[in-house]
Amino acid sequence: MFHSLYRKLIAGYILFGILGFLTIALLSDTLTRQFLVRSTADSLYTDAAAIASHYSNIAQAKTTDLALAAARLESAAECTGTEAWIIDPQGKIAAADTDSRIGAVISDFDPTDRENRRYDIGRFYNTFQEDCLSVTAPITGNMTTYGYVALHLPMSLINRKTEQILHIIYITAVVLYLLSFLILRLFRTQIYRPLKQITYAARQYADGNMKHSITIKNRDEIGTLADTLNYMASKLGAMEEYQKTFIANVSHDFRSPLTSIKGYLEAMLDGTIPPDLYPHYLEILISETNRLTKLTDGMLTLGTLDDAPHLVRTSFDINRTIRETAASFEGQCDRRGITFSLTFSDEIQMVLADLGRIQQVLYNLVDNAIKFSHDQSTIYITAIRKNDKVQISVRDTGIGIPQKSQSRIWERFYKSDASRGKDKKGTGLGLSIVKEILQAHGENIDVISTEGVGSEFIFTLPRPRSS
Ligand code: ADP
């Protein structure tokens, strides 16, 4: 029953209400009554003491009899709402605000049994029919007690006052309790409902529905949580989409060489290809397996770059690395009459980077430059010192990259339409590997290209601090 947060809170509120009202009923009733009794008794005692002091003077001066005090008592009683008496030491009521009491003798009257109590609650030696709050102040002087001033207030009056105050407390408590339901409502709209939405969304995401969006407008922690979840879902969605295209690309790129390998092998087996043509077709088969190897290597490299690439940074001469990379393409370039023009701003230029990875960057860029260059052309490679960096550029005068493809060439498996016809061996992974290696170094790469004119790839590498 209480599995919902909201229900738990409602149950808590009801329990709080019941306990709250019980506390008020028990505690406030007792405390208010005690307070009223004490404060009334104090003020009555002050009055009684004042009257007692007045009669003490009179009694000492013997100017008057205590019995003649009735007139003064009447006004005192009227002011305080009490019955006021003057009792002589023998317990006879010498004066009172009501005539009927005068002369009555209080049996067992023993003021010494009061033990310093200023007031009593009871029937005052059985002289009243109901409980009264009674205070007695002695009339003293010259080491003599002439009598006592006694003021009696019916407890019913104090009880009525207590009830009136409790009434106010109850009304205030009810209003506060009702107002506190606003908090419950606020909790429902601001926390409970958004939480339910978030739980529902999380279930949707778990079921693979990444398109589900949480519509929470709150500008607080709950809103931030919803935004974060929406962001997470969009990222996961994009990742899912990427994985789908990745698998589609991989299977497509693997299938075509595999299909041609299978086709040629079958043709060789069933005799469609005569043995004297085997060398030619075996060369095609080797080229196709090379392509498969290149694809697998590329994917493995990207895999290592994906999970936080570990770079082994050393100081090395970039000019030398460029020279060595260019030299590795010598055979290919000679066949097509392609030459290199290398320009360096200094004889030796040290950079701080992962040598193996930078060799791969240069290899991929030069490989592309050769692939997309016309025969008998020149490839320009420069390494220029720029403040604390060395800027490297690989430029060709080949077919160039169409404007609309320029932002996409960094994507995995992307090949422009032109290259599909010209470069059948390409995997579309080369530039994405280049970009990720440079990003791992904290550097970037730019391309400037015009279709039919050529392309230039420019990137920077940091120089070691001391050089
Ligand atoms: P590929 O293995 O196909 O070369 P890359 O990722 O290296 O894959 O390159 C992606 C695409 O970018 C190529 O298919 C090609 O269309 C284009 N490209 C890269 N370098 C050049 C260049 N130097 N000249 C023209 N096009 C280029």
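Atoms within a ligand are numbered from 1 in the order they appear, just like the ligands themselves.
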Exercise. Regarding H152 and S134, is there a side-chain donor-to-acceptor distance under 3.5 Å anywhere?
Worked result: yes
Problem set entry | Distance-only side-chain donor-acceptor flag, Y200 / Q204, under 3.5 Å | yes
Exercise. Quick one: does ligand 1 sit under 4.0 Å from the side chain of D396, the backbone, both or neither, non-hydrogen atoms only?
Worked result: side chain
I need the atoms of ligand 1 closer than 4.0 Å to a non-hydrogen atom of [X], numbered in the order shown.
X    : result
S455 : 22 (C), 24 (N), 25 (C)
F457 : 20 (N), 23 (N)
K415 : 3 (O), 14 (O)
G400 : 25 (C)
G430 : 5 (P), 6 (O), 7 (O), 8 (O)
L431 : 5 (P), 6 (O), 7 (O), 9 (O), 12 (O), 19 (C)
K371 : 1 (P), 2 (O), 4 (O)
T427 : 1 (P), 2 (O), 3 (O)

Exercise. Taking 4.0 angstrom as the limit, do D375 and R336 come out as a salt bridge?
Worked result: yes
Exercise. Hey, is R203 close enough to D207 for a salt bridge, meaning N to O under 4.0 Å?
Worked result: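 No, no charged N to carboxylate O under 4.0 Å.
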Exercise. What about N368: any of its N or O atoms under 3.5 Å from an N or O on ligand 1?
Worked result: yes
Exercise. Got an N/O contact under 3.5 Å between G428 and ligand 1?
Worked result: yes
Exercise. Can you tell me if N364 has a non-hydrogen atom under 4.0 Å from ligand 1?
Worked result: no
For this session: Before giving the answer on salt bridge (charged side-chain N to carboxylate O under 4.0 Å, His left out), spell out for R160 and E163 the whole-Å C-alpha distance, their side-chain angles and the decisive distance to 0.1 Å.
Result: CA-CA 5 Å; R160 211 175 304 145; E163 272 155 28; over 6 Å; no
For this session: Using the ring of F128 (Phe, Tyr or Trp, six-membered ring only), decide whether R123 places NZ or CZ under 6.0 Å from its centre and within 45 degrees of its axis.
Result: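 So R123 doesn't make the cation-pi contact.
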Exercise. Any cation-pi pair here, R188 with Y6, using under 6.0 Å and within 45°?
Worked result: yes
Exercise. Taking atom CD of E436 and atom CZ of R357, what is their separation to the nearest 0.5 Å?
Worked result: 10.5 Å
